[in-house]
Each structure stands twice: as C-alpha cells, then as structure tokens.
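What follows is a single structure, written as structure tokens, with notes after it.
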Number of protein chains: 2
Amino acid sequence: MYLRALIGLAEDGTTTCSSEELAATAGVNSAKLRKDLSYLGSYGTRGVGYDVEYLRYQIAREIGVTHDWPVVIVGIGNLGHALANYSGFRSRGFRVVALLDADPTRHDEVVAGLDVRSFEDLESIVSDNDVSIGVIATPAVAAQAVADRMVAAGITSILNFAPSVLAVPEGVGVRKVDLSIELQILAYHEQRKAVAPGSEDAS
Amino acid sequence: MYLRALIGLAEDGTTTCSSEELAATAGVNSAKLRKDLSYLGSYGTRGVGYDVEYLRYQIAREIGVTHDWPVVIVGIGNLGHALANYSGFRSRGFRVVALLDADPTRHDEVVAGLDVRSFEDLESIVSDNDVSIGVIATPAVAAQAVADRMVAAGITSILNFAPSVLAVPEGVGVRKVDLSIELQILAYHEQRKAVAPGSEDAS
DNA sequence: AGGAGTTTGTGAACGGGAGAACAAAACGAG
DNA sequence: CTCGTTTTGTTCTCCCGTTCACAAACTCCT
Ligand SMILES: NC(=O)c1ccc[n+]([C@@H]2O[C@H](COP(=O)([O-])OP(=O)(O)OC[C@H]3O[C@@H](n4cnc5c(N)ncnc54)[C@H](O)[C@@H]3O)[C@@H](O)[C@H]2O)c1
Ligand SMILES: NC(=O)c1ccc[n+]([C@@H]2O[C@H](COP(=O)([O-])OP(=O)(O)OC[C@H]3O[C@@H](n4cnc5c(N)ncnc54)[C@H](O)[C@@H]3O)[C@@H](O)[C@H]2O)c1
C-alpha cells in the first residue's frame with residue numbers, strides 16, 4: 001500500500017513527504033507507517049521526511065518487485081479473461097506468461113495477445129519460464145486438483161479465486177480472494193445497522 | 001467461511017458434525033471455531049456436535065443472507081463483465097439489479113441478461129430497488145467520484161476493486177479487494193524463500 | 001553558533017485475536 | 001440409575017499488531 005501511495009505521489013511530482021502525508025495517502029496511522037518502514041531500515045531524515053523516489057525503490061526492492069515475476073493463469077472463463085486483460089499486473093511487476101484451460105474448445109482463443117493453451121502444457125511452461133506464481137480461476141471443484149498439479153510442476157505461490165480451501169505442502173504460499181465473503185461481510189454490517197441503529201461499528 | 005463449509009457438508013448429506021470436522025473443512029482451529037460460534041449463541045449439543053442445517057440457518061440469519069441483497073455494479077469493463085456474469089453471487093444471497101457505466105458506447109450492451117445503463121440512472125435505481133450495496137469496478141481515478149455519488153444516492157456499503165483509498169462518511173462501510181497487492185505479498189514471500197532458504201514462514 | 005521548529009525512530013502501554021486446557025453437559029451402555 | 005465417553009462452551013494465557021508519546025536528529029533562521 002505504501003508503495004502504491006509513493007507511486008501516486010511521484011506521479012504528482014512530489015519529491016519529499018512526511019510520514020503524516022504518506023500515512024494519509026495510504027489511509028493508515030502515521031506511527032504505524034513509521035514503525036513499518038523502520039523494519040526495512042532508516043530511510044527517512046528527521047525534520048525533513050522521506051525521499052519519495054528513494055523510499056519507493058527501497059520498498060520495491062524489499063518486496064521483490066524490482067524485476068518482473070512470471071505468472072500463469074489457469075481457468076480462462078469469466079474471471080480468467082478479466083485477469084488476463086488487466087494491465088495493472090504488468091505495471092506492478094507481474095508478467096502473465098501463459099493462459100491455461102482444460103476445455104479444448106477454448107484453445108483456439110487469443111486473449112490479451114496470448115493464446116489459451118492446454119492445461120497439459122503446465123509443466124513445460126513452468127520450467128521453461130521459471131514460473132513460481134500461479135493463479136487459479138477455475139470452478140471450486142477443480143481448484144484442489146489444479147493446485148496439486150501446480151505444486152508438482154514447481155509452483156510455490158498460489159493466488160486462489162475459487163471459493164474452496166486448498167491443502168498444499170509446507171513451504172507453498174496460498175492467498176485466497178473470496179468476493180462472496182467480502183459481500184457477506186458488507187451485508188452483515190448492513191444488517192447490524194438496520195437492527196441496532198446508532199451502535200454500528202463502521203470499519 | 002463456516003457457512004460455506006456447512007453448505008458443502010449439507011450437500012454431501014452430512015446432518016451432524018463436530019467442531020473438529022467443521023474446523024478442518026473450513027481450514028481453522030477447532031477452538032477458534034467454537035469460540036466464534038459461541039458469540040452467536042449456544043447452537044451445539046455437547047457430546048454430539050452441531051446440526052448442520054440448523055447451524056447453517058443460524059449463521060445465515062446472523063450474517064443477514066436469509067433474504068437477497070440487491071447490488072449495483074458500476075464500471076462494466078473487463079472486471080465488471082466477469083462480476084456481472086458470476087453466478088456465485090446469486091446463490092449466496094446477492095442479486096445484481098443494475099449494471100452502470102459512464103461510457104455511452106457501452107449502453108447498447110446486454111450483459112448477463114441486464115442491459116448496461118447510464119451512470120446517471122444511479123439515484124433512481126438505488127431508490128427504486130432499495131439498494132444499499134454498491135460495487136466499484138471503474139479505473140482508480142474515477143473510484144472516489146463514483147463512491148461519493150453512491151453515498152449521496154443512499155448506498156451505505158461499498159466493495160471497491162479499484163486500487164485507491166476511498167474516503168467515505170462515518171457509517172458507510174468499505175471493503176477493498178486489491179489483486180495486485182495479493183500478488184505482491186506472494187512475491188515477497190517468494191523472494192524471502194530465495195534469499196533465506198530454510199527460514200521461510202509459510203503463511 | 002545557537003535556538004526554535006519539525007519530523008523520524010522507537011520504547012512502552014494497550015487491545016484483541018488465537019490456542020491450550022478444562023469444567024459442564026449430553027448421551028449410551030450396563 | 002450410574003459411570004464412562006464424547007464434545008461443547010468458556011476461561012486463561014500468550015503473542016502480535018497498533019497506537020501513544022517522547023527523545024534524538026535534522027533544518028532553518030537569526
Ligand atoms: N466471475 C467472477 O466474477 C467471480 C467472482 C468471484 C469468484 N469467482 C470464482 O472464480 C472461479 C472462476 O469463475 P468464472 O466465472 O471465471 O468461471 P467460468 O466457469 O466462467 O470459468 C472457469 C474456467 O475454468 C476452466 N476449467 C474447469 N476445470 C478446469 C481444470 N481442471 N483445469 C483447468 N481449467 C479448468 C473451464 O473450462 C472454464 O473456462 C470460480 O471458482 C468462481 O467461483 C468468480
Ligand atoms: N481486470 C482485472 O482483472 C482487474 C484486476 C484487479 C483490479 N482491477 C481494477 O478494477 C478496475 C476495473 O478494471 P477493468 O480491467 O475492468 O477496467 P476497464 O477499463 O476494462 O473498465 C473500466 C470501466 O469503467 C467505466 N468507467 C470509467 N469511468 C467511469 C465513471 N466515472 N463512472 C462509471 N463508469 C466508469 C469505463 O467506461 C469502463 O467500462 C480498475 O480499477 C482496475 O485497476 C481489475
């Protein structure tokens with residue numbers, strides 16, 4: 001989030017910023033921001049603030065997005081199409097190297113300049129491109145099988161959009177994005193507001 | 001997550017389950033699950049476990065998804081199309097009542113059985129359908145303006161896919177889904193694995 | 001050079017979630 | 001009816017993220 005805020009500030013021509021400004025831009029408390037940044041090193045100047053470009057590079061280096069990460073997307077349905085066409089990944093250090101789908105009727109298609117390939121090609125694509133990050137956008141029933149195959153092929157980080165709990169070996173990272181649950185959380189707070197007006201907790 | 005796990009168990013024909021089973025299905029610790037459920041009430045039977053159907057209803061009621069929530073989606077680009085076509089929302093208690101876009105060339109289109117309408121129609125749609133939840137899938141630069149207008153129209157919960165920090169009045173709920181940040185978190189752990197093998201923290 | 005004004009970096013207090021552990025409750029067998 | 005078994009509900013403790021508050025460090029002005 002700080003990296004994103006810094007990129008925004010840099011685009012606006014800001015060269016220097018205080019922890020207060022940066023925290024406001026990122027939407028967090030300034031003490032938290034300073035403490036977070038202090039874990040990376042002492043990149044600020046007391047009485048002055050942080051150099052936007054310098055701090056931006058330092059955070060990017062720490063996160064590991066100074067070079068591009070190759071990514072494969074599996075499941076080129078509604079969501080897979082959107083992800084493949086999303087330009088934001090490219091500009092944030094990720095490069096989609098392949099789109100895979102189990103459905104042979106999809107293999108003719110070209111999406112975002114890449115042709116949809118067979119899921120069978122996973123292993124060769126992963127080893128040829130040194131891919132370590134995979135995105136799962138298949139139906140929930142297929143997600144575990146896809147994940148198993150990804151892990152076997154050498155992928156060690158998975159972003160899962162399917163609403164299912166994935167079991168993976170130790171050392172493999174998984175993050176889950178579950179849109180229905182996000183909506184349900186909103187609905188819960190809505191209901192609370194309706195039931196107990198005045199005592200709602202706006203988080 | 002528990003609700004989803006319960007639905008899965010119910011589909012498999014399970015009528016009763018222990019906190020241990022349910023926790024394993026949902027991917028959490030059983031003590032945490034019991035504590036979470038205890039906030040809703042005492043719906044289990046000691047020595048037996050939980051009745052799947054009963055607990056499912058109780059959780060759905062507590063969350064507020066026993067009836068459908070109307071939802072509007074603003075920004076029918078790549079992501080908006082995917083969301084509009086997603087059947088999972090409907091089956092989890094959400095009903096997309098309108099698709100809005102500022103671009104007039106999109107207004108001819110029909111997506112998922114709904115025609116894309118002008119953003120100008122927001123106010124009338126919200127009041128006619130009693131909509132309280134809005135989804136933002138526009139570019140980041142437009143997100144704040146869209147949010148302001150949503151709030152003015154009466155929407156009190158926003159799910160934001162644009163990578164920007166939204167400022168909203170007290171009492172309005174906002175949740176953010178940021179796919180790039182999810183990937184960056186994965187990349188960070190990847191880099192740590194590469195730099196310090198053996199000391200990785202698989203979360 | 002020195003003092004006033006800023007802003008960082010960090011120690012200390014706070015709050016809350018997560019897990020271990022156990023008493024209370026339900027059930028079935030004898 | 002009683003005892004043993006199972007499983008919940010809850011307490012207690014630990015740990016970690018967040019925030020406050022302040023000394024240290026830097027700039028600028030006189
Ligand atoms: N569309 C959305 O906006 C949205 C929102 C939230 C969650 N999701 C979740 O994302 C996932 C994908 O959603 P969608 O709407 O794109 O579904 P979809 O049905 O449109 O697409 C799924 C694709 O996966 C492919 N597939 C199926 N099994 C496969 C396998 N074993 N290996 C490789 N590919 C396989 C199918 O051929 C299809 O092209 C689902 O789990 C859904 O719940 C989607
Ligand atoms: N496509 C993805 O997979 C993806 C992934 C992550 C994040 N996002 C984010 O989601 C948002 C949408 O992405 P996208 O790929 O669908 O972009 P897109 O450009 O394909 O679609 C954006 C749509 O919003 C409409 N729009 C623009 N300004 C508007 C306004 N003021 N009011 C109403 N509608 C407006 C445009 O006409 C367009 O149809 C972006 O903020 C993007 O960063 C997208």
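Lettering of chains follows the sequences in order, A, B, ..., and the numbering in each one begins at 1. All values below come from the heavy atoms of this structure, side chains included, with hydrogens, waters and symmetry mates left out.
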Take atom [atom1] of [X] and atom [atom2] of [N], then tell me their distance rounded to the nearest Å.
X: A:Asp36; N: D:dG17; atom1: CG; atom2: C1'; result: 9 Å
X: A:Tyr39; N: C:dT10; atom1: OH; atom2: C1'; result: 9 Å
X: B:Arg34; N: D:dC12; atom1: CZ; atom2: P; result: 17 Å
X: A:Tyr2; N: C:dT8; atom1: OH; atom2: C1'; result: 15 Å
X: B:Tyr43; N: C:dA26; atom1: OH; atom2: P; result: 16 Å
X: A:Leu22; N: C:dG9; atom1: CG; atom2: C1'; result: 15 Å
X: A:Asp51; N: C:dT8; atom1: CG; atom2: P; result: 13 Å
X: B:Leu33; N: D:dT10; atom1: CG; atom2: P; result: 14 Å

Might you work through the side-chain hydrogen bond (donor to acceptor under 3.5 Å, both in side chains) test for B:Arg61 and B:Thr66, ending with a clear yes or no?
CA-CA 6 Å; B:Arg61 188 180 53 74; B:Thr66 45; over 6 Å; no

Indicate whether OP1 or OP2 belonging to [N] is found under 4.0 Å from a side-chain N or O atom of [X].
X: B:Tyr50; N: C:dA26; value: no
X: B:Thr45; N: C:dA26; value: no
X: A:Asn29; N: D:dG17; value: no
X: A:Ser19; N: C:dT7; value: no

Measure from the side-chain heavy atoms of [X] and tell me the nearest of [options].
X: B:Lys32; options: D:dA21, C:dA18, D:dT8; value: C:dA18
X: A:Ser38; options: C:dG9, C:dA26, C:dT8; value: C:dG9
X: B:Val48; options: C:dG19, D:dT10, C:dC27; value: C:dC27

Tell whether B:Lys35 reaches the base of C:dG19 with its side chain through a donor-acceptor pair below 3.5 angstrom.
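Answer yes: a donor N or O sits under 3.5 Å from an acceptor.
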
So, is the end of the B:Arg149 side chain (NZ or CZ) under 6.0 Å from the ring centre of B:Phe119 and within 45° of the ring's axis?
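Cation-pi check for B:Arg149 and B:Phe119: passes.
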
For atom CZ of A:Arg90, is the number of surrounding heavy atoms from other residues, nucleotides or ligands below 6.0 Å larger than 12?
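12 or below, so no.
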
When the nearest nucleotide of DNA chain D is assigned to A:Arg46 and to B:Gly49 on a heavy-atom basis, which residue is associated with the more 5' position?
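The 5'-side residue here is B:Gly49.
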
Tell me, with the steps shown, if A:Tyr188 and A:Arg192 meet side-chain hydrogen bond (donor to acceptor under 3.5 Å, both in side chains).
CA-CA 6 Å; A:Tyr188 169 72; A:Arg192 299 260 303 197; 3.2 Å; yes

Measure up the A:Trp69 and A:His67 rings against each other and bin them: parallel (under 30°), tilted (30 to 60°), perpendicular (over 60°).
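Taking A:His67 first and then A:Trp69, their aromatic rings sit tilted (interplane angle of 30° to 60°).
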
